[in-house]
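Let me begin by presenting the structure, written as structure tokens, before commenting on it.
Note on naming: letters A, B, ... go to the chains in the order of the sequence lines (proteins, then strands), and numbering restarts at 1 for each one. Just so you know, these numbers use all the heavy atoms, side chains as well, and skip hydrogens, waters and symmetry mates. Everything numeric here is computed off the predicted structure, so don't read it as measured data.
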Number of protein chains: 2
Amino acid sequence: MVAAKSNLSASLEDYLEVIFNLAGESNVVRSKDIAKLLGVSKSSVTGALRVLKSKGLANYKPYDYVTLTEAGQAAAAEVARKHNILKYFFVNVLGVDSDIAQKAACKAEHVLGPEVIARLLSFIEFVTRSSKNGYDLADEFKQFCKNRSQSSNFPDKEISEVSDVVGLNEVKPGQKGRIVKIIGRSGVNKRIADMGVVPGTTVEVQRVAPLGDPIDVKLKGYHLSLRKEEASKIMVELVQ
Amino acid sequence: MVAAKSNLSASLEDYLEVIFNLAGESNVVRSKDIAKLLGVSKSSVTGALRVLKSKGLANYKPYDYVTLTEAGQAAAAEVARKHNILKYFFVNVLGVDSDIAQKAACKAEHVLGPEVIARLLSFIEFVTRSSKNGYDLADEFKQFCKNRSQSSNFPDKEISEVSDVVGLNEVKPGQKGRIVKIIGRSGVNKRIADMGVVPGTTVEVQRVAPLGDPIDVKLKGYHLSLRKEEASKIMVELVQ
DNA sequence: TAGTATAGTTAGGCTTGCCTAACTTTGTCA
DNA sequence: TGACAAAGTTAGGCAAGCCTAACTATACTA
Ligand SMILES: [Mn+2]
Ligand SMILES: [Mn+2]
Ligand SMILES: [Mn+2]
Ligand SMILES: [Mn+2]
């Protein structure tokens with residue numbers, strides 16, 4: 001029985017999952033219990049059940065008990081399986097708190113595909129196996145967490161810096177910038193373009209008046225005084 | 001600088017993430033590049049940027065380049081960090097294919113909280129550390145995966161069976177069921193209720209006519225012939 | 001068996017996030 | 001400069017999921 005490619009939303013998978021779990025706990029599944037477990041209103045459940053029926057996953061009849069079709073049970077079981085594997089890993093390998101693990105598993109179960117889940121299951125098996133050979137990996141990890149000082153100094157994959165393109169108005173006196181772009185096309189911008197303010201040119205800020213207006217800059221040997229408003233439209237990349 | 005509790009949707013986090021990454025790769029960030037990377041239309045990007053601006057995360061001005069605020073950069077960096085940690089774990093510990101890991105990480109990054117991510121990072125550190133002590137855990141795991149026959153026999157956390165409450169019409173001759181509920185309140189249902197068909201009673205199906213109609217049952221010593229339509233409204237739990 | 005409590009449905013509305021088509025702004029280059 | 005291309009915005013619409021309020025069907029109990 002190969003599971004059909006389902007393409008269900010996270011929401012619908014959760015409905016399937018709780019119906020599946022409720023069915024395992026009591027004789028019949030009631031709409032209100034689904035609502036309570038998922039934290040949604042009764043009418044939301046009605047809506048979801050209609051969708052599940054339309055997809056051939058639930059045997060829905062108004063006012064009737066809720067049951068899953070064969071296909072629905074298969075899909076639900078798959079979700080529940082992912083949930084269990086994930087929670088097991090979070091709790092018994094990583095040592096995450098049970099409640100947090102429960103919630104995390106019920107989110108992640110909808111976004112991790114079979115390849116990742118299969119590997120994770122193998123890994124759990126590996127860890128379990130290792131503990132039988134005298135080397136309890138999960139335990140070893142817990143020790144590792146305890147013994148180490150709080151500061152994690154793992155080379156937390158350096159994250160590339162954000163580019164240094166800013167408005168010319170933000171450049172400090174003495175700094176230089178290469179013009180990347182001039183925003184807008186107004187008469188004023190044409191005026192400064194005529195004075196050599198074009199992309200590619202390097203400008204140096206010389207003086208900035210108290211309130212940031214005006215700004216004295218030097219480019220191509222010329223001096224130029226710019227309004228803050230104008231400068232803010234000149235995007236430069238800081239150089240040197 | 002403590003990161004503010006953001007509560008961003010997965011979608012908005014992805015926008016932040018790609019803006020952050022693009023900013024690291026080139027001088028300026030263009031709307032169309034965001035659209036291309038996320039696989040959405042230009043207008044969707046415009047909409048998202050307006051939302052990010054309203055949340056104080058992006059410096060959005062129509063037709064201007066896209067930049068992030070301090071808060072936006074912080075939020076984006078957090079998402080990117082989760083992404084990197086998850087991908088690293090999937091690829092270098094679990095041995096998942098790089099492309100699949102990339103996609104899985106970019107989904108899971110939105111649903112796994114700081115507790116899980118912190119533990120995962122510690123675990124990666126633990127594995128890395130172990131490899132320096134001559135016991136390469138990740139490598140060991142790969143061997144384990146290879147050497148083992150395809151069949152995984154890990155006690156895949158037994159999943160509870162679905163409850164056996166069915167309509168009486170589905171019960172085979174010779175089987176018995178305890179009545180759980182009778183659906184509907186029509187005159188017909190009242191008739192059979194008068195004959196002892198009430199919740200709690202155990203019925204045994206004796207004979208079923210060729211097309212499933214009628215159905216002969218025995219209860220409390222009486223014989224009763226039911227229409228399939230009637231029987232389908234009598235929910236029973238299989239017994240014995 | 002009626003009257004009330006409970007369960008479930010319907011109607012209508014909201015938000016998020018996406019789309020296409022048409023339009024405007026900006027960039028480019030002869 | 002001015003025409004054309006590229007980038008970005010606006011308008012309008014749609015689907016998924018959720019909600020509340022009002023209504024209806026079923027269950028319980030005296
Ligand atoms: Mn879930
Ligand atoms: Mn779950
Ligand atoms: Mn993502
Ligand atoms: Mn990502």
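Against DNA chain D, the stretch residues 43-57 of chain A makes heavy-atom approaches under 4.0 Å through A/S43, A/S44.
Between A/Y65 and D/dT26 there is no side-chain N or O to OP1 or OP2 distance below 4.0 Å. At the phosphate of D/dA16, neither OP1 nor OP2 sits under 4.0 Å from any side-chain N or O atom of A/S11. OP1 and OP2 of D/dG8 both lie 4.0 Å or more from every side-chain N or O belonging to B/K42. Proximity of B/Y63 to the phosphate of D/dT10: no side-chain N or O atom is located under 4.0 Å from OP1 or OP2.
In this structure, B/D14 atom CG and C/dG17 atom P are separated by 11 Å, rounded to whole Å. When rounded to the nearest whole Å, the span between CG of B/L22 and P of D/dA7 equals 14 Å. If you take OH of A/Y15 and C1' of D/dA16, they are 11 Å apart, rounded to a whole angstrom. Following rounding to the nearest Å, B/N7 (CG) and C/dT16 (P) show an atom-to-atom distance of 13 Å. Atom NE2 of B/H110 and atom C1' of C/dT16 are 15 Å apart (whole Å). Across the protein-nucleic acid pair, B/D33 atom CG and D/dA7 atom P stand 8 Å apart, rounded to whole Å. Atom-to-atom, CG of B/D64 to C1' of D/dG8 comes out at 11 Å; the value is rounded to the nearest Å. Atom NZ in A/K61 sits roughly 18 Å away from atom C1' in C/dA7 (whole-Å rounding).
Ring pair B/Y60/B/Y15: centre-to-centre distance not below 6.0 Å.
Nearest nucleotide to the side chain of A/R30, out of C/dG8, C/dG17, C/dC18: C/dG8.
Residues B/V205 and B/D216 have side chains not in contact (no heavy-atom distance under 4.5 Å, counting atoms from C-beta outward).
Of the N and O atoms on the side chains of A/N59 and A/T69, not one donor lies less than 3.5 Å from an acceptor on the other residue.
A 6.0 Å sphere centred on CZ of B/R178 holds more than 12 heavy atoms belonging to other residues, nucleotides or ligands.
Distance check, rounded to the nearest 0.5 Å: CG of B/D14 to OG of B/S9 gives 8.5 Å.
Along DNA chain D, the nucleotide nearest to B/Y60 and the one nearest to A/P62 differ in position, and the one closer to the 5' end is contacted by B/Y60.
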Chi angles and distances behind the side chain to side chain contact (heavy atoms under 4.5 Å, CB included) call for B/T202, B/I179: CA-CA 6 Å; B/T202 296; B/I179 297 175; over 6 Å; no

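Sorted by first and then second residue, the side chain to side chain donor-acceptor pair (under 3.5 Å) pairs involving residues 38-49 of chain A (not counting sequence neighbours) are A/S41-A/S43, A/S41-A/S44.
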